[in-house]
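Read the structure below first, then the notes.
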Amino acid sequence: MSDTAQAAQDDRAKKYKKTLNLPKTAFPMKANLVQNEPASQKRWKKASLYLAAQEARPEANRFVFHDGPPYANGNIHLGHLLNKCLKDFVVRTKLMEGRRCPFIPGWDCHGLPIEHRVMQELSESGKLEKIASLDDDNRRMAVRRECQKYASKHVKQHVTQMERLLTLADYDHPYLTMQPAYEGAVLEVFAGLVEKGLVYRQLKAVHWSVDNETALADAELEYYDREDISVYVDFVAQDGEAVYRAFGLDPEDDDTPAQSPCFMIWTTTPWTLPANLAICVNEKFTYALVRVDGNITVLAEALVEKVTKAGKSESVEVLATTTGDKLLNLRYRHAFIPEGPDFSTQPDAAMRGADPSGIYRVLAADYVTLEDGTGLVHTAPGHGADDYMTGLKNKLPIYCPVTENGTYDTSVPEFLQGMKVWDANEEITELLRTDGALFYDHRFMHSYPHDWRGKTPVIFRATEQWFIEVDNKDLSLRDKAFEATDPTNSDSVKFVPEWGRNRMRGMLETRPDWCISRQRAWGLPIPAFYTPEGETLLNEQTVKAIATRFREVGSDAWFTEDAPTLLQHWTNPDNVDLTSLKKGMDIFDVWFESGSSWNAVMRERSEGADYPVDLYLEGSDQHRGWFQLSMLPALGVTGRPPFKTLLTHGFCVDKEGKKMSKSVGNTLEVDMLIEKFGADVCRWWVASVNYENDIKTDLAFFETSGESYRKIRNTIRFMLSNLSDFTASSPGCDDGMCVAPESMPPASLEAWVLSAFDEMSKKVRTAYETYQFNKATTLLYNFCNDTLSATYLGAVKDRLYCDAPDSERRRRTQTALWDLTDGLARLLAPIMPHTADEAFRTLRNVDAKDPAHCVHLSTFIDTMGAKAHDAWPAVIKVRDTWLRALEDVRAKGDIENPLDAGLVVPDPEGLLSGFDAADLADLCSVSRFRVDPGASAVVVEELSGEPRCERSWKRDGTVSQRADGGMLSDRDAQAVGVV
RNA sequence: GGGCCUGUAGCUCAGCUGGUUAGAGCGCACCCCUGAUAAGGGUGAGGUCACAGGUUCGAAUCCUGUCAGGCCCA
């Protein structure tokens, strides 16, 4: 071609390009989420989206979802991100299905972590001393005021962070466990349990600060080294012959010694020996009957050498061995309390369910080890955690002869009465030495728990606590819980995933009675009063009266008001002298508060209509936590579980599958992720994970999600960019440029793509319905990439760009694009609320500030309405073979550009009759497509010898020189209006 | 130590009640397009299904054990 001819052709190319309908849109390729999401938030807030979205759906069609309260502390972390996004997917998918789905967010505000933190801050600021000098009520109030401030501050911070995740909830009316109405409702649950007889008082061994005369939680302990006495003590068997028989020796035999054998125990707290009620062995261990310097005693075989060496024994002879189980129930005599303690002075709570005749026996315990001691463990149920459990199991009294101030009461031998336990260590050791019961003693340093405030050593001491009975004979909560979760029961609780059922039932099996009392300031008081005679006043009526009072003025009243004022709503039928009553100082376990949320939130706000709740959704740690501790009180009060379905998710771990922790340094900060990727990308990540198991987390995964997001965004952008000259019809009218999908030819590309959308949409909605969000993301992603980007959008580019703007074919395509964009925006709305709304609004040309039109007020589309040709799936499938043939030719280098090629395909089954050759050509991006009934294989025609349309670059066989001198196909000539 | 759960290509995951050459996506390599362009499309390589036993005609799939990891207990 000559230079002048080339120049003329270039001119025409420029001229023709101007006649094309090229893509144009205000929807930017770059999302700029970090900057633009807050604008969406502001717009939604202005439009009161939460309320508007609820009101847009019928009241009658509700899905009831209940938020478990996170602890009002610190920044939100990855666990919150996961949990809150999953919950938001539920809320938003239900709304998009046209159901009303109220979501009231909540916070757990009471409890030790906050109180602990506040005490630290008070200590650092020097205010603690001043507070310590106040009386009980005022001191507690001072602490409570600080705690309340702290909790409120963190709730506000959480709300800001959670809203930034673009979650939709009633953040203007959250529930807080410290709100007066909530507190009242918790007490009403408690009253219900009291009425059913499920609440009782019993002793329980807890850490006790002798110095401050208060119980301590684990978090209030600090470990320091301390010197103590370690003693090895022989307790003489009551029936020596039985012991010999247990070791397989015949007492009648002359070789069998005549003297009584002993059981040797070891302890580092000799002061607990007066409270000894049992000796524990491990059933599986081997025990030896040993003659040590003439004395005969029982020791774990593995420890004989170690112990006798320590005691510097001169002669050691093992007479026989046996296993621990043979020793069970053998009796012994206490080293210095031969008749046993005088239990008559002990409180009823110590003797509840106990059988005092069973003391001084050998019992089994699997916590007995061979690391220290003798393999026989001194057991004092009133003075040790393990000992306490063993005591309960074996019906021993929870005997605690030590008073609040760390001195012995009158139930012990006279020489100890009134003595401080720390002094008793020496006294008891000396007594044992004198009596010959002491095998060996020595002083040693060890790490020992101390009161974090006074830095003084603490003791284990049984104190009166409140319990909820799980194993009551007539109406056992455990039985009810098993029934409610029984898989064979048709209205049983549903578990997602199903294995949660086993896990929860396993945990129910072993759960002991629930100790609900704590000795702290920051919590809901247990409304118990005590008469001067030491009687407890707490019944259904008094608890309800206090509940009413708390609803009026909040639980601070317990510390600021006297008994008559607090009980003003009580009828006092027996004329109790209210002025003489003393208030109890126990507060509830925070789990009891959050475990009552089904009443305080769901029943309260719906007047009972929302009970039981459709769904609880939390981490799998809540099988033992909130799930179980909500179910037990609910079963007790209402007889049914508070939820119909329990959904659990796993925990975020690092990319190696290891637990994330600040000290290891493998954590990711949510604020940073939001700043770096934006909420929509983070939400896409959450939606795409398999949350049933551990969730591996790494910055790289968020980057991958960002890539997926961009792919989807670009697909939407391309569709929007081809709608710049298109006006959709208003709903129900044909005032726009739409071509009714019902009228689209079944063999058209549009009928196919719209029905493909319907199929995908149905699957996505099912996935949403079953909480399989990762399945939904896969379906949506693949639809955008395969169906749209790689197939449909590639095929229709030519007609969008080159057809006359208002040709029927182009308008039909644009109708499909509009519907697809609209439908996709709605399906994506639950996962990426900002981007979906951006697309939805761009599609409708809504001004950025105009709050009208919001995808979140719309619903999913049931069907696009197009009817596709039955052969379409087969055509799409056989297209792969055509493309492969094309690729083979291209790989050989014969043809580079597919537009230089034509396809001739066989069609033995007549699949393609009724299909448009131009459509099929576009579907393969080739210039020409022909069916040859006689062909045996796909043939690729090389067309580069034929004239090429200067406008559409196609060689479709109709290209010829036109009046303006350009080479144009018929279609393009018509589009530009030349002949 | 106990209960529940997990371990499949370099990475994230599908693989239903056991049945032909184990599937996606990402990443990677190569190629095309340059009228979606800090975009778009195509092709390809990659796995003794944690390890060791067992049941079976046949196991990624069922059973037992070991190792590694998670949650909850002790």
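These numbers come from the heavy atoms of this one structure, side chains and all, not from hydrogens, waters or symmetry mates. Numbers restart at 1 for each chain; the letters A, B, ... are given by sequence-line order, proteins then strands.
As the counterpart of C62(B), G54(B) is assigned, both hydrogen-bonding distances of the Watson-Crick or G-U wobble pattern falling under 3.5 Å. Pair assignment for G47(B): none, as no Watson-Crick or G-U wobble contacts are both less than 3.5 Å. Of the nucleotides present, G42(B) is the one that pairs with C30(B) by Watson-Crick or G-U wobble criteria, both distances under 3.5 Å. Taking a pair to require two hydrogen-bonding distances under 3.5 Å in either a Watson-Crick or a G-U wobble arrangement, G35(B) remains unpaired. As the counterpart of C71(B), G3(B) is assigned, both hydrogen-bonding distances of the Watson-Crick or G-U wobble pattern falling under 3.5 Å. The partner of G25(B) is C11(B), by the rule that a Watson-Crick or G-U pair needs both atom distances under 3.5 Å.
For the pair Asn782(A) CG and A14(B) P, the interatomic distance rounds to 15 Å; values are reported in whole Å. As a whole-Å value, the separation of Glu656(A) CD from C11(B) C1' is 12 Å. Look at CD1 on Ile895(A): it is 19 Å from P on C31(B), rounded to the nearest Å. In this structure, Leu886(A) atom CG and C33(B) atom P are separated by 12 Å, rounded to whole Å. Rounded to an integer number of Å, the gap from Arg717(A) CZ to G35(B) P is 14 Å. G42(B) atom C1' lies 13 Å from atom CG of Asp786(A), rounded to whole Å. For the pair Arg503(A) CZ and C4(B) P, the computed distance is 10 Å after rounding to whole Å. In this structure, Lys892(A) atom NZ and U43(B) atom C1' are separated by 15 Å, rounded to whole Å.
Each of Cys802(A) and Glu707(A) was matched to the nucleotide of RNA chain B holding its nearest heavy atom; the match closer to the 5' end belongs to Glu707(A). Map Glu950(A) and Thr704(A) each onto its nearest nucleotide of RNA chain B; the residue landing nearer the 5' end is Thr704(A).
Across every non-hydrogen atom of His378(A) and Ala380(A), the tightest pair is CE1-CB, 4.0 Å.
Going from atom NZ of Lys696(A) over to atom CE of Met660(A) covers 12.0 Å, rounded to the nearest 0.5 Å.
Thr715(A) contributes no side-chain N or O that forms a donor-acceptor pair with the base of A36(B) under 3.5 Å. With hydrogens and angles left out, the side chain of Arg624(A) and the base of C71(B) share no donor-acceptor pair within 3.5 Å.
U48(B) and U8(B) are spaced 13 Å apart, taking the P atom of each and rounding to whole Å. One C1' atom belongs to A22(B), the other to C49(B), and the distance between them is 8 Å to the nearest Å. G46(B) sits 16 Å from U12(B) when the C1' atoms are compared, rounded to a whole Å. Across the C1' atoms, A68(B) and G27(B) are found 26 Å apart, a figure rounded to whole Å. Only the C1' atoms considered, U20(B) is 16 Å distant from A60(B), to the nearest whole Å. Comparing the C1' positions of A29(B) and G19(B) gives an interatomic distance of 36 Å, to the nearest angstrom. Rounded to the nearest Å, the gap between the C1' atom of A14(B) and that of C71(B) is 25 Å. Nucleotides G2(B) and G58(B) have their P atoms positioned 34 Å apart, rounded to a whole Å.
Counting only N and O atoms by type, the side chains of Asp725(A) and Gln814(A) include a donor and acceptor under 3.5 Å apart.
Closest to the side chain of Asn714(A), from the set U37(B), G40(B), G42(B), is G40(B). Closest contact between the side chain of Met507(A) and the listed nucleotides C72(B), G35(B), A36(B) involves C72(B). Distances from the side chain of Lys658(A) to the nucleotides C33(B), A36(B), G69(B) place G69(B) closest. The side chain of Trp499(A) sits closest to C4(B) out of C4(B), G35(B), G42(B).
At the phosphate of G41(B), OP1 or OP2 sits under 4.0 Å from a side-chain N or O atom of Lys711(A). The side chain of Lys659(A) places no N or O atom within less than 4.0 Å of a non-bridging phosphate oxygen (OP1 or OP2) of G70(B). Phosphate contact (OP1/OP2 of A14(B), side-chain N/O of Asn690(A), threshold under 4.0 Å): present. At least one side-chain nitrogen or oxygen of Ser789(A) sits closer than 4.0 Å to the OP1 or OP2 atom of G41(B). The phosphate of C11(B) (OP1 or OP2) has no side-chain N or O of Lys696(A) nearer than 4.0 angstrom. Residue Tyr781(A) has a polar side-chain atom (N or O) positioned under 4.0 Å from OP1 or OP2 of C26(B). At A36(B), one or more side-chain N or O atoms of Tyr801(A) fall inside 4.0 Å of OP1 or OP2 (strictly under the cut-off).
Base orientation for G54(B): anti, the chi torsion being more than 90° from 0.
A cation-pi arrangement, defined by a distance under 6.0 Å to the six-membered ring centre and an angle within 45 degrees of its axis, is present between Arg713(A) and Phe27(A).
Base contact: Arg951(A) has a heavy atom under 4.0 Å from a base atom. Residue Lys17(A) is in base contact, counting any heavy-atom pair closer than 4.0 Å across all strands shown. Gly657(A) comes within 4.0 angstrom of sugar-phosphate atoms only, judged by non-hydrogen atoms across all strands, and of no base. Using a 4.0 Å heavy-atom cutoff across all strands shown, Asn693(A) reaches sugar-phosphate atoms only and no base atom.
Between Ile831(A) and Thr777(A) the shortest side-chain heavy-atom distance falls below 4.5 Å. With a 4.5 Å cut-off on side-chain heavy atoms, Asn502(A) and Met507(A) do not count as touching. When side chains are defined from C-beta on, Cys784(A) does not count as touching Met760(A), because their heavy atoms never get closer than 4.5 Å. Two residues are said to be in side-chain contact when any heavy atoms from C-beta on lie closer than 4.5 Å; Glu941(A) and Val926(A) fail this criterion.
By the 5.5 Å and 30° criteria, Trp953(A) is stacked with the base of G35(B).
Asp803(A) pairs in a salt bridge (charged side-chain N to carboxylate O under 4.0 Å, His left out) with only one of the listed residues (Arg971(A), Arg811(A), Arg951(A)), which is Arg971(A).
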